[in-house]
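Here the structure is laid out as structure tokens; the discussion comes afterwards.
For ligands, and for the atoms within them, numbers begin at 1 and follow the listed sequence.
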Amino acid sequence: MPTTTSTPAARTTLRSAETPAHAMPSVASVDLTPFEAVNFQVDRAARALGMPEHQQVGLKTPFREVMVELPLHRDDGTMRTYHGYRIQHDNSRGPMKGGLRFHPRVELDEVRALASLMTWKTAVVDVPFGGAKGGIDCDPAELTRKELEYLTRLFVGRIHMLIGENEDIPAPDVNTNPQVMAWIVDEYAKYRGFTPGIVTGKPLPLGGLVGRLSATGRGVAIVTERAAPDVGVTLRGARVAVQGFGNVGSWAAHSLAALGARVVAVSDVHGGVFHGDGLDVEALMAESRSTGSIIGFDGVERISNEELLALDVDILVPAALEEAIRADNAGDVRARMVVEGANAPVTPSADDMLMTRGITVVPDILANAGGVTGSYFEWVQNTQRFRWSAQRVEDELVRTLTTAYGDVRAAAREFDCSLRTGAFILAVRRVAEATELRGG
Ligand code: NAD
């Protein structure tokens, strides 16, 4: 099986993982790669903890990286080769865990960054997992259902020996869903027997969790509810804008509206919609399900994604892709708090700019950790062959995220730093402790 360590991209980014701590800038450069951007935060936390350089390098370097070739015979008779990735970042605290993304932009450095973020995220919420991430550089919108199923099964055939319910457990991410997880369960069963705990985010009849679909977005709302009073924002009546109306964005909007917030704008890849009195989120979800977008929704004003980010709101939730808020547009943000529904939607330089302007950023590894927390509950049930009630899932989600927010806030206060640096300090400390105890 080919690994990626010989590719130029791999060399470039591995160097960044090995960059000595003292050589890492304390001020964020605008052109960090995604993996460098995550490591910038890890280094900042490690410096605050006084961690020796060799330990920092060890914590940043991925455990295993795999890239596989996926030749697909298209239904129209043509042939196209895709690339599949699985980066296993760290397993010191338990089996590695992280989503699978199907998107044309998927590439090694991005997957590495996302895998690393999973290590820190699972540590922030203190679930017994490490971090991993994977994906295929395909656009599912261009594939038939049959082609997508074939590609998914081909990928599992190439990596099944490296994943497992006690080794590495994939889950849905951008453009993947419970159906894709069901194909993975079925394909994996052909090699290793029926193992529902091999993936999370499954359909209910295959051992899925009641509430997993909404868990990430619900988690965004729970964390926002905890953080808002500390920022001086009253959630009831607060104006909210959400960029990205997929799994995370739509459920975040839905859950925030249920807590009394006024969701005034949402967007997807095609553009955004705005209504100053508040949008009907459930109707927008129905519109998105039936037409594939919210852009044709009636009785609203149309806005661009850039305009959405610059709206005069209390809470901005970027819940689409990475690097939505960068040095060139961070100055336009007028929200009082930015809650990262997506992974890495704010670049390090933009993050520092927002902090300087007094805008609180609730970081991804805390704000969207409801997803992996729900996945943990699903995995626990699968491995115990037991099913929890919806109420128990909700109670445990609230308890876990409330504790995590308290832990992050305490670290931020102890080290007099942002919530992001506090979250990384907490996570790096927990991962380092586990690594040391295991003799690593
Ligand atoms: P999704 O595929 O369900 O939805 C993505 C949404 O973003 C869609 O509405 C899409 O139209 C929109 N979008 C894509 N490109 C855009 C652009 N350039 N501008 C504006 N909107 C754009 O994906 P998802 O699962 O909701 O994931 C969104 C983000 O949340 C990703 O960063 C993902 O890694 C992260 N995340 C997801 C989960 C999960 O459980 N699904 C958990 C944690 C974090």
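- For ligand 1 and Asn175, the ligand atoms under 4.0 Å from any heavy atom of the residue are 2 (O).
- With hydrogens and angles disregarded, no donor-acceptor distance shorter than 3.5 Å links the side chain of Thr421 to the backbone of Ser418.
- For the pair Glu187 (side chain) and Ile184 (backbone), a donor-acceptor distance under 3.5 Å is absent.
- Between the Asp364 side chain and the Ala344 main chain, a donor and an acceptor come within less than 3.5 Å of each other.
- Salt bridge Arg86/Asp168: present, at least one basic N to carboxylate O contact under 4.0 Å.
- Within the 4.0 Å heavy-atom shell around ligand 1 one does not find Glu340.
- Closest to atom 18 (N) of ligand 1 among all protein heavy atoms lies Val269 CG2, 4.4 Å.
- For ligand 1, the polar-atom distance check finds an N/O of Phe245 within less than 3.5 Å of one of the ligand's N/O atoms.
- Residue His270 places every heavy atom at 4.0 Å or more from ligand 1.
- Counting only distance, with no hydrogens or angles, the side chain of Asn166 and the backbone of Pro95 share no donor-acceptor pair below 3.5 Å.
- Relative to atom 29 (C) of ligand 1, the option among Gly244, Ala344, Ala320 with the closest non-hydrogen atom is Ala320.
- Residues Val264 and Leu279 form no side-chain contact, since every pair of their non-hydrogen atoms from C-beta on lies 4.5 Å or further apart.
- Residue Asn247 places at least one N or O, backbone or side chain, under 3.5 Å from an N or O of ligand 1.
- Contacts between Thr216 and ligand 1, counted as non-hydrogen atom pairs separated by less than 4.0 Å, involve the side chain only.
- Each of the atoms 40 (O) of ligand 1 lies under 4.0 Å from some heavy atom of Arg212.
- Taking the six-membered ring where the residue is Trp, Phe377 and Trp388 present tilted rings, their angle falling between 30° and 60°.
- For ligand 1, the polar-atom distance check finds no N/O of Leu114 at less than 3.5 Å from any of the ligand's N/O atoms.
- In Ala319, the part holding a heavy atom less than 4.0 Å from any atom of ligand 1 is the backbone.
- Looking at Val248 next to ligand 1, an N or O pair under 3.5 Å apart turns up.
- From the protein, the heavy atom lying nearest to atom 27 (O) of ligand 1 is Val174 CG2, 3.6 Å.
- Contact annotation for Asn305 and ligand 1: only side-chain heavy atoms (C-beta onward) come within less than 4.0 Å of the ligand.
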Could you please spell out the steps behind the side-chain contact (heavy atoms from CB on, under 4.5 Å) verdict for Leu309 and Asn329? CA-CA 8 Å; Leu309 297 176; Asn329 65 357; 3.8 Å; yes
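- Between Asn343 and ligand 1, a contact under 3.5 Å exists for at least one N or O pair.
- Ring planes of Tyr376 and Phe129: perpendicular class, angle over 60° (limits at 30 and 60°).
- With hydrogens left out, the protein atom closest to atom 8 (C) of ligand 1 is Gly246 N, 3.8 Å, a heavy atom.
- An N or O contact shorter than 3.5 Å links Asp173 to ligand 1 by distance.
- Side-chain contact between Leu354 and Thr356: absent, with no pair of heavy atoms (C-beta onward) separated by less than 4.5 Å.
- The CD atom of Glu147 sits 7.0 Å away from the CG atom of Asp76 when rounded to the nearest 0.5 Å.
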